[in-house]
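Here's the structure we're looking at; comments come further down.
These figures come from a predicted structure and were not determined experimentally. So that the names make sense, note that chain A is the first sequence line, chain B the second, and so on, each numbered from 1.
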Amino acid sequence: MVNVLGPGLILAIGFYSAFAQQSTTGEVITEAHSSSPAAASVSSSHPAPPQRETIVFGGLRLKNTIEFGTRWRDFDGNEDVYRSHVNLGNGVKLLSSSFELRAPESGGRLFDSVNLNLDHWGGDPYNTARLRVKKNLWYDFQYHYQKIDSFNSIPQFANPLFTEAVRRKIGARQASGTVLGQHSFDLSRRLQSARLDLFPHAPRLQVHLRYARNSISGPAFITVNMGGDEFLINRRVKNSTNDYAFGVDLSLWKVTIGFEQGFRRFKDDRGNTLPGTFSLGNSPDLLFDFQQIFLTAFRRFYFVRGSIPTTRLAVSSRRLRRLAFTARLYYSDADVDYAYARVFSGMVLNRETFLFASRGLGANRAKPRRPHLIADGTMRLRLGRRFAVSETFRGTHFVIAGATTFGEQFTNFDAPEEQVTVEQASFRREFLNAFMNRVQGDYALTDRLIVRAGYRFEHRRTFLQERDRQSIRSSIFGPEPPFDFEPRDEETTQNTHTLFAGLSYRWRRRLRLSFDYENGGHLTSFTRVEPRDYQRGRMRIQFRPSDRWSFTASGTISDQTRPNRTRQGLDLMLRNQNRYRSGSISISWFPQRRAALDVDYTRSHITATIHTLDRDLGNAPRPVLVYREDSHVVRAGVNVILYKNLRTDFGYRLVNTSGSFPINFHRPYARLSLPVHRTMTLNIDYQHYGYNERGRSIQDYRANLLTTSLRLSF
Amino acid sequence: MRDWRYIFKLGALGSSLLIVALIPVDSITGRTRDESQKPSAHQETNASPSTAPAPETQKRSGAEDFVGSTTCRACHPNQYAWYARTAHFATIKSPKYVPPDKGCEMCHGPGRQHVQAGGKGFIFDPRKASARQVVAMCTRCHQEKRIGKCRFHENQHNVEVVACHDCHHPHQETTHDYILRREPPGLCYQCHREIRAQFARPFHHKVPEGGMSCRDCHQQHGSFNTTQTVDTVGGLSAVCTRCHTDKEGPFVFEHISLRSDRCLACHLPHGSVNHRLLVRSEVRFLCQECHGARQGAPSDAPQFVHDLRLPRFQNCTSCHVMIHGSNTSRLFFR
């Protein structure tokens with residue numbers, strides 16, 4: 001009822017006021033709600049007159065705005081996909097609220113300004129609150145709260161070409177398993193951060209304190225692999241993190257020394273259960289030795305407690321004419337205590353013993369640790385009026401070391417007297433030493449034109465050490481001697497060299513142009529993937545011939561080749577290639593003070609060719625997999641101030657993608673702002689969301705959202 | 001071994017440059033401090049009635065050249081009123097600050113000539129100055145004091161001659177935090193149009209909706225990390241784990257690309273047409289780009305234990321559930 005009466009009442013009041021008052025001063029400009037680029041451009045290029053301020057006790061200035069209203073939703077299609085994308089619902093909302101209390105000319109005793117902003121409260125999936133209190137020379141306190149609801153329940157396809165016809169053709173045995181990804185979640189994330197800066201403008205000493213808290217909770221679905229099949233299970237997510245930090249910045253002679261000591265404490269209490277009391281898994285047709293795999297119960301619990309102390313030290317130059325330098329040292333030592341327990345009943349195939357088990361009880365303890373050191377620095381030396389040289393380095397060293405023990409006891413109802421216990425112990429240690437060095441020279445041909453060129457070297461050495469032991473004990477056959485798996489020691493060294501060059505040109509705020517080109521190698525993942533050969537060119541132009549016109553263009557061209565040698569001793573090189581092209585152009589036009597037009601067009605194209613080897617085809621490469629994405633993104637917005645201060649704002653946003661995953665996501669919108677009083681503006685906002693997934697209609701949806709709101713300023 | 005020699009040589013070269021640079025120039029040239037701070041001839045020729053050189057590069061002025069902000073207020077009352085709302089106004093209020101580090105003339109330079117000329121010229125106007133002059137003027141006070149702002153001169157904005165006043169406005173009508181011209185992301189979108197297009201895609205971080213800000217992830221004044229991401233407390237280089245703390249670990253069995261390539265190996269942070277911000281629409285594409293072939297594996301090792309033609313093996317994460325890291329299973333099963 002509120003959903004219907006609320007907006008109706010607001011509309012009635014608004015239109016009555018609009019026609020009753022022929023003259024509105026419209027001092028309140030809805031800048032915070034200029035969601036469209038055009039509206040934002042108008043308010044930026046033609047600033048609104050100052051908002052109303054009220055002088056309260058002590059000469060303090062108070063400025064307050066609040067916007068509240070109601071949203072209706074008309075919906076058709078797959079709601080899970082809509083919630084994964086947009087997730088806006090019906091109801092009464094506090095759309096935005098801004099409170100500002102300010103002492104004139106920074107002359108307050110306790111504070112110079114207090115700002116409190118609240119946005120999107122009342123059931124929207126993204127709530128934010130910001131508080132800032134400061135007294136300029138004494139302190140600056142900031143608090144930020146965010147609540148973000150994340151929902152994802154989209155059936156991602158493993159392979160859309162794997163249709164039911166193909167499934168039938170190759171038979172049930174081959175076609176077992178699902179082609180859809182089953183993982184989904186409905187999580188709520190709360191982020192809080194507070195920071196207090198003491199003496200923020202003091203020339204010698206500044207102090208800061210920080211605190212942050214992050215918690216995530218909610219239900220989810222994931223899968224578990226249990227002895228030959230995958231089962232869908234519930235997941236309860238519950239984890240939280242607390243960060244504390246204290247730091248000082250001390251300026252001495254020509255340097256500033258910064259020090260910060262932080263501490264993070266986190267805990268994670270997850271749990272899994274089987275939905276229902278019976279599950280045949282994803283492959284009910286799949287039989288092992290004529291035995292059906294199934295679960296009748298499954299419970300799993302994780303208890304994770306961790307801490308990460310972090311130390312940062314930085315030294316940077318201060319007021320040196322020719323030299324600017326910074327050197328930093330970061331050290332952290334992450335440490336985790338981990339426990340895990342699970343119990344199940346049903347019928348699964350034990351991977352270690354290749355025996356069927358109808359009941360199992362397992363437990364796991366682990367204690368990983370990760371000391372991590374980063375040292376980096378940069379130095380810029382001006383040699384003469386026009387030339388400057390920069391040197392940047394970064395060295396990284398980390399070790400991930402951990403031991404884990406896992407034991408599980410299995411029972412089979414067919415032979416209840418036989419109990420098998422499997423124990424596994426693993427030790428793993430990974431080292432990484434990496435170094436990057438970058439030298440760059442800048443030469444100012446004129447005050448407007450700067451050219452630059454440089455060289456970057458990257459080195460990475462990794463070492464992986466793994467030891468595994470397994471023992472199996474049977475109540476009938478007794479214990480077997482422990483079995484040590486073959487030790488695994490892998491060492492990899494990778495080096496890459498890259499040359500880069502570019503230029504930048506600027507003429508006042510009218511024209512700005514920059515171009516960059518890089519050619520060389522880029523380190524990718526860890527030990528098993530070769531560095532990537534790449535070349536990349538980027539350009540950006542911004543041109544403002546007058547205050548009425550603005551043009552922006554940017555483009556990126558990138559080609560990457562990743563040569564992968566398959567095995568030692570085999571001269572077989574697979575080259576995965578990634579080709580990326582992107583271009584964007586935008587035009588903003590302000591024909592007069594009361595109108596603006598803003599148009600963007602972006603085109604991007606990705607082609608990735610992926611070579612893999614196949615088990616059954618030996619070393620012969622399989623046919624190449626190709627991922628292709630050809631995307632057009634268009635945004636057009638018009639903002640017009642019509643009669644008096646009646647503001648309209650409408651436009652269209654379109655994402656059209658063809659290739660491996662074709663969609664046609666479009667979002668037309670319109671907004672009407674009608675000042676009905678010096679302190680009151682009526683806003684009517686309409687948005688449409690259409691997904692239009694092409695080829696597979698199960699994910700399609702259309703949503704129409706109408707929001708009516710009142711914005712009060714006092 | 002050759003690499004370490006190379007690193008040693010580069011380090012030695014860098015250290016030498018640093019030592020040379022740190023030797024006070026005055027001690028070599030014998031010039032006095034005032035002489036060494038004289039602007040170059042090129043800079044002096046910039047002085048004209050229409051625009052004066054940046055205060056940072058001006059010839060040292062005497063106290064008699066400064067007229068004080070009250071004089072400026074007489075002709076520029078609006079600018080003064082808006083300026084009074086900012087933290088810069090503290091330089092007027094506090095007796096600690098003296099010319100040239102006080103009030104309007106702190107940025108615009110001494111105003112006596114400007115006043116004597118009837119308000120025509122002889123004042124530093126950032127709108128007509130080059131980006132380098134503006135940056136030099138602002139960084140006179142705004143040194144890289146904070147740990148997060150330690151690489152200002154190397155930051156991409158500085159390289160691409162973006163000047164401070166492109167984003168900040170010390171005296172404009174509408175006030176935003178840090179005297180920004182507009183609130184992010186609108187401010188950032190003015191140049192980064194292609195990023196705005198990425199955020200228009202169906203899956204994106206909630207920046208356009210106001211749930212997040214560009215500043216949550218990026219350090220706009222320069223960072224040592226790729227794409228100028230902010231530093232983090234625990235992960236140091238992985239900005240994503242500031243919020244996604246459950247992916248941080250450490251794990252006994254870490255998916256190492258998380259630490260070396262960071263999350264960008266698999267995810268597009270701004271926006272994607274693929275769910276979970278993935279770079280590819282199907283799992284079989286995503287994983288096999290790296291795991292298609294094994295470098296350095298023993299010659300008799302099987303390439304795959306799975307028949308990748310079957311759908312159940314194309315959904316890698318159906319079994320390898322804990323793909324970010326596990327403390328129990330080397331293969332990320334649990």
Side-chain angles (χ1 to χ4, degrees), chain A residues 40 47 85 105-106 126 136 148 154 158-159 162 177 179 223 225 230 239 241 243 249 256 258 262 264 308 314 316 318 323-324 326 334 338 364 366 368 370 376 380-381 391 402 404 437 447 504 506 514 525-526 528-529 564 566-567 569 574 584 586 602 612-613 615 627 633 657 660-661 665, chain B residues 3 10 14 21 40 84 87 89-90 93 130-131 143-145 147 150-151 153-154 160-161 173 186 193-194 197 200-202 206 209-211 224 233-234 236 245-246 250 252 256-257 261 273 275 280-281 285 288-290 292-295 299 303-304 311-312 314-315 318-319 321 327-328 333:
Chain A
H85 289 164
E105 298 190 350
S106 306
Y126 335 111
N136 284 329
I148 300 176
I154 292 188
N159 181 356
F162 203 90
V179 297
T223 46
N225 180 280
E230 300 89 49
N239 62 60
T241 306
D243 285 317
D249 295 300
T256 298
R264 168 177 282 195
I308 309 177
S316 53
R318 183 169 171 267
L323 177 71
T326 295
Y338 171 89
N364 178 213
R370 187 183 59 216
D376 50 28
R380 183 182 175 87
L381 183 64
E391 154 73 26
T404 178
N437 187 72
D447 263 359
S504 299
R506 179 190 175 102
S514 67
S525 298
F526 201 35
R528 296 174 183 171
V529 180
N564 274 352
T566 57
R567 303 181 194 182
L574 303 181
S584 177
S586 70
T602 302
T612 60
L613 296 178
R615 179 182 64 171
Y627 174 80
V633 181
T657 302
S660 301
F661 191 64
F665 185 56
Chain B
D3 304 322
L10 277 179
S40 64
F89 195 75
K93 292 289 288 183
S130 72
Q143 294 285 324
E144 302 86 39
K145 286 180 178 175
I147 286 175
C150 280
R151 207 185 167 213
H153 288 289
E154 300 304 309
E160 295 190 11
V161 289
E173 297 90 328
R193 302 288 179 131
E194 72 284 1
R201 296 177 170 204
K206 302 306 177 188
E209 289 82 358
F224 282 82
V233 172
L236 298 174
T245 50
D246 52 324
V252 175
I256 200 65
S257 62
D261 241 6
V273 294
H275 85 156
R280 303 286 181 258
S281 58
F285 290 133
Q288 291 178 39
E289 280 193 64
C290 289
R294 297 177 59 182
Q295 179 216 0
S299 58
Q303 290 297 324
F304 292 111
R312 67 184 304 227
Q314 292 173 347
N315 256 328
S318 285
C319 295
V321 178
N327 284 309
T328 308
F333 281 159

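A/Ser584 is linked by a side chain to side chain donor-acceptor pair (under 3.5 Å) to A/Thr602, counting only residues two or more places apart in sequence or in another chain.
Among B/Pro202, B/Cys319, B/Gly210, the residue making the largest number of heavy-atom pairs under 4.5 Å with chain A is B/Pro202. Your options are A/Tyr627, A/Tyr126, A/Tyr338, and the one with the most heavy-atom pairs under 4.5 Å with chain B is A/Tyr627.
Remark: the backbone N or O of B/Val161 is paired with a side-chain donor or acceptor of A/Arg506 at under 3.5 angstrom.
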For a side-chain contact (heavy atoms from CB on, under 4.5 Å) check, start with the C-alpha distance between A/Asn136 and B/Lys93, then their side-chain angles and the critical distance, and finish with the verdict. CA-CA 10 Å; A/Asn136 284 329; B/Lys93 292 289 288 183; over 6 Å; no
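Residue contact with chain B, scored on non-hydrogen atoms closer than 4.5 Å, involves the backbone and the side chain of A/Asp376 alike.
Residues B/Thr328 and A/Asn364 approach most closely at OG1-OD1, 2.6 Å, considering heavy atoms. Scanning all heavy atoms of the two residues, the minimum distance from B/Ser318 to A/Thr223 falls at O-OG1, 2.7 Å.
By the 4.5 Å heavy-atom criterion applied to side chains, A/Pro368 and B/Asn327 are counted as neighbours.
Distance check, rounded to the nearest 0.5 Å: CZ of B/Arg201 to NE2 of A/His85 gives 12.5 Å.
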